[in-house]
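Take a look at the structure below.
Order of the sequence lines sets the chain letters (A, B, ...), proteins ahead of strands, with each chain counted from 1.
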Amino acid sequence: MSDNVTTTTGDLPTDFIRSIINDDQAAGAYDGRVVTRFPPEPNGYLHIGHAKSICLNFGVGEQYDGARCHMRFDDTNPTREDIEYVESILADVQWLGFDWGEHLYYASDYFEQLYRYAEQLILDGNAYVDGLTADEMREYRGTLTEPGRESPWRNRSTEENLDLFRRMRAGEFSDGDYVLRARIDMASPNLNMRDPVLYRIRHAEHHRTGDDWCIYPMYDYAHSLSDSIEGITHSLCTLEFEDHRPLYDWCQEALGIYRSRQIEFARLNLTHTVMSKRRLRQLVEEGHVNGWDDPRMPTISALRRRGYTPESIRDMCERVGVARRNTVTELALLEHCLREDLNRHAPRRMAVLHPLKVVITNYPEGESEEFQAINNPEDETMGTRGVPFSREIYIERDDFMEDPPRRFYRLSPGREVRLRYACLITCTDVVKDADGNVVEVHCTYDPDSRGGNAPDGRRVQGTIHWVSAAHAVPLEARLYDNLFTEADPAGSDADFLKLINHDSLEVVTALAEPALASANVGDRYQFERLGYFCADVDTKPGAPVFNRTTTLRDTWARISGRQQ
RNA sequence: UGGGGAUUAGUCUAGUGGUAAGACGCCUGACUCUGGAUCAGGUAUCACAGGUUCGAAUCCUGUAUCCCCAGCCA
């Protein structure tokens, strides 16, 4: 079997990139090594789009025998980068469950070597120092349809170039006075090859190298050489860098150094959110959300805070696959992965978001008892817990209708339903306020149905959740919905800010069973029949705050919506 | 009007000449002390037009549409 390569591949996904790697392995390319890298610039927070790249790069790094993935910061622009971002990025990658081992690198660690390579390019006649201003350079560059013109400084002597470049490094010039450019082809139809800038002067303090440097390498140059220095075999990046590949190759070729291969894939886009750094920053800075980790944001830190599990995010990335066409994945897929994970692992609790008082008129006043509730029907090892019950309880407002439509089988006058894990109750009376709003419901319970079933075997259609009024603990519940009303806000003709969903957050005081009072930050539960909730960092002792991570699938909502 | 990519169901993704696969979504139904979960079934002729072939999503030709590129950002 020719496709029997030496990998640890089980039923892992195959995609065009892994196919290429498999072929390389079969052909013995790169001495059988597989080395990838995840190379973020530390100038912002990681988002779900980055997760795809992380899963791909680290996934490949784990998949093949002896393979690895380097964590490398592309920190070549000191004016926008910060150590704060380095730390958050590292934490997010770790939280997602990936490990770079010893292989944590920074492009800034290579500055000296990158500089020496630049001198070599000058010596070989492959680079020159240009004195054109930024505006002039733009003019000389030409357009998409017209070739560029060569800079008057393009043919300086090697000695002069070397002298100028050394003086650039020495700090003799101001920002913008000079740049180092590759000498390639001003007539190239690929604009990236029209003598691209390799180094620019920036008198700025770098978060790692301080003021050691006042010249900084550009992305194309630094990235290509960093990959080469680290012996990266497959350099995986997104589609927009496709036009840069000739330059990526040129840098390594011109210097005669180790050759890495760049392969591009389509980035992840998700419906009902935006992914560009610019838009995310705008949402934060203009106060449309409460910071980078606002649970409505698509950042990793926000998803974590909202209650998403790393497993669900990785699962989604795997299911989406890797290909070369621009796509927008439905948020529903991520939600599905989340529900699948949490359904198996999250303990169940009862809480009422919008309480309606129910008095069980035939239950003795001042008394209470405890019913046993199953913590997770999907996993009996999670055991049971006691839930207190008494004469007055709260149920969800939506679970009562005085004049119910067809197919509504919850509580209404004369109707019997089951209180989950407790007993059967029948509605006998409705109490209204002066405006005709239902403020209280009276019921009787069947004492023989304790535990949830009637001995005569009669069935009820509905089972609803509840909490005992006397034992209920209040908690703040933050109910989130999509941040945007449209599937593709960035792709819309309208300004994306106009598509913000103004009902994306509803805060309510819920009433919950006592077991929820002691929740710790980060604890995840399923609130029965409502959704999955996660204790927020704002939780204080005795004052729990829960984020609704996602709702449960709601068949009734669909039916009732259709009936209207 | 330059160059580089892409085009398979509502959404992702597989298929690389032998008669369209999987997942999500949606629709039906079963079951159910979460209208949850679970289970069963349904849901496309492969952008279009020609051509080659016994046979094409797969090969050829042409057309259309969409995305990216003119930072001393990455």
_Distance below 4.0 Å between A/R339 side-chain N/O and B/A37 OP1 or OP2_ = no
*Is A/V322 touching bases, backbone alone, or none of the nucleic acid, heavy atoms closer than 4.0 Å?*
sugar-phosphate
*What distance do A/I360 atom CD1 and A/I393 atom CD1 have between them, rounded to the nearest 0.5 Å?*
4.0 Å
*Of the candidate nucleotides B/C12, B/C73, B/U1, which contains the atom at the shortest distance from the side chain of A/V320?*
B/C12
*Quick one: classify the glycosidic conformation of B/G71 as syn or anti, with syn meaning within 90° of 0.*
syn
_Please classify the nucleic acid contact of A/Y216 as base, sugar-phosphate, or nothing, using heavy-atom distances under 4.0 Å._
nothing
_Between B/G2 (C1') and A/R141 (CZ): distance, integer Å_ = 15 Å
*Just call it for A/T143: base, sugar-phosphate, or nothing, with non-hydrogen atoms closer than 4.0 Å on any strand.*
base
_Distance-only donor-acceptor test (3.5 Å): side chain A/E264, base B/G5_ = no
*Does any non-hydrogen side-chain atom of A/N343 lie less than 4.5 Å from one of A/E378?*
yes
*Base-pairing string, 5' to 3', of RNA chain B - Watson-Crick or wobble, under 3.5 Å, | interstrand*: .(((((((.[[[..)..(...]]]((((((.......))))))...[[[[[..)....]]]]])))))).....
_Nearest to the A/T327 side chain among B/U28, B/U13, B/A74, which nucleotide is it?_
B/U13
*asked:* Over all strands shown, is A/Q461 touching base, sugar-phosphate only, or nothing at heavy-atom distances under 4.0 angstrom?
replied: nothing
_What's A/D175 touching, base or sugar-phosphate or nothing? Going by heavy atoms closer than 4.0 Å._
nothing
*Rounded to the nearest angstrom, tell me the gap between atom CD in A/E378 and atom C1' in B/C39.*
13 Å
_If you compare every side-chain N and O of A/R267 against the phosphate oxygens of B/C67 (OP1, OP2), does one of them come in below 4.0 Å?_
no
*Check whether any side-chain N or O of A/D75 sits under 3.5 Å from a backbone N or O of A/A107 as a donor-acceptor pair, and report yes or no.*
yes
*Would you please indicate yes or no on a ring centroid separation below 6.0 angstrom for A/F111 and A/Y216?*
yes
*Could you give the distance separating B/G25 and B/A57 at their P atoms, to the nearest angstrom?*
30 Å
*asked:* Ignoring hydrogens and geometry beyond distance, is the side chain of A/D243 in donor-acceptor contact with the base of B/G3 at under 3.5 Å?
replied: yes
*Base, sugar-phosphate, or nothing: which does A/P40 touch, judged by heavy atoms less than 4.0 Å apart?*
nothing
*asked:* Less than 4.0 angstrom between a side-chain N/O of A/R319 and OP1 or OP2 of B/C12, yes or no?
replied: no
*Quick one: CZ on A/F265 to CD1 on A/I17, what's the gap to the nearest 0.5 Å?*
6.0 Å
*asked:* For a quick check, tell me whether the side chain of A/R410 and the base of B/G35 share a donor-acceptor pair closer than 3.5 Å.
replied: yes
*Step through it carefully: locate the ring centre of A/W556, locate the ring centre of A/F408, and say whether they are under 6.0 Å apart.*
yes
*If you look at every strand shown and take non-hydrogen atoms under 4.0 Å, does A/R278 touch a base, only sugar-phosphate, or nothing?*
nothing
*Heavy atoms under 4.0 Å, any strand shown: does A/T79 hit a base, just sugar-phosphate, or nothing?*
nothing
*A/Y421/A/F371 aromatic ring centres below 6.0 Å*: no
_Using atom C1' in both nucleotides, what's the gap between B/G35 and B/A30 to the nearest angstrom?_
14 Å
_Rounding to an integer number of Å, can you tell me how far A/E330 CD sits from B/A9 C1'?_
12 Å
*Would you classify A/L144 as touching base, sugar-phosphate or nothing, given that sugar-phosphate means primed atoms plus P, OP1 and OP2, and contacts are heavy atoms under 4.0 Å?*
base
*Test for a donor-acceptor pair under 3.5 Å between the base of B/G4 and the side chain of A/E240, counting only N and O atoms.*
no
*Could you tell me whether the side-chain ring of A/W556 sits stacked on the base of B/G35, using a centroid cut-off under 5.5 Å and a plane angle under 30°?*
yes
*NA contact type, A/Y409, heavy-atom cut-off 4.0 Å: base, sugar-phosphate, or nothing?*
base
_Side-chain N or O of A/R138 versus OP1/OP2 of B/C72: is the shortest distance under 4.0 Å?_
no
*Could you tell me how the ring of A/H244 sits relative to the ring of A/F241: parallel (under 30°), tilted (30 to 60°) or perpendicular (over 60°)?*
perpendicular
*For the residue pair A/Y199 and A/Y178, is the inter-centroid distance of their aromatic rings smaller than 6.0 Å?*
no
*When we call it a touch if two heavy atoms are under 4.0 Å apart, what does A/T555 touch: a base, just sugar-phosphate, or nothing?*
sugar-phosphate
*Nearest to the side chain of A/H336, which nucleotide is it out of B/G25, B/C67, B/G2?*
B/G25
_Within this structure, what is the CG-OG1 distance for the pair A/D175 and A/T79, rounded to the nearest 0.5 Å?_
9.5 Å
_Distance below 4.0 Å between A/H465 side-chain N/O and B/U34 OP1 or OP2_ = no
_Of the listed nucleotides (B/A74, B/U34, B/A6), which one gets closest to any side-chain atom of A/F241?_
B/A74
*So what does A/R553 touch, heavy atoms closer than 4.0 Å: a base, only the sugar-phosphate, or nothing?*
sugar-phosphate
*Go through B/G35, B/U32, B/G25 for me and flag the one nearest to the A/R407 side chain.*
B/G35
*Of all the choices, B/U32, B/A74, B/G25, which nucleotide is nearest to the side chain of A/R459 once you look at every atom?*
B/U32
*Determine the contact category for A/F408: base if any of its heavy atoms lies under 4.0 Å from a base atom, sugar-phosphate if only primed atoms, P, OP1 or OP2 are that close, otherwise nothing.*
base
*Please tell me which of the listed nucleotides, B/G5, B/C24, B/G35, lies nearest to the side chain of A/T463?*
B/G35
_Whole-Å distance separating the NE2 atom of A/H206 from the P atom of B/A74_ = 10 Å
*asked:* Under 4.0 Å, heavy atoms only, any strand: does A/H244 hit a base, just the sugar-phosphate, or nothing?
replied: base
*Kindly point out which of B/G35, B/C69, B/C26 is positioned nearest to the side chain of A/R558?*
B/C26
_Nucleotide of B/U34, B/A14, B/C73 approaching A/R80 most closely (side-chain heavy atoms)_ = B/C73
*Does A/R349 put a side-chain nitrogen or oxygen below 4.0 Å from OP1 or OP2 of B/U34?*
no
*asked:* What's the closest nucleotide to the side chain of A/N343 if the choices are B/U11, B/G36, B/A23?
replied: B/G36
*For residues A/R181 and A/S151, determine if any side-chain heavy atom of one lies less than 4.5 Å from a side-chain heavy atom of the other.*
yes
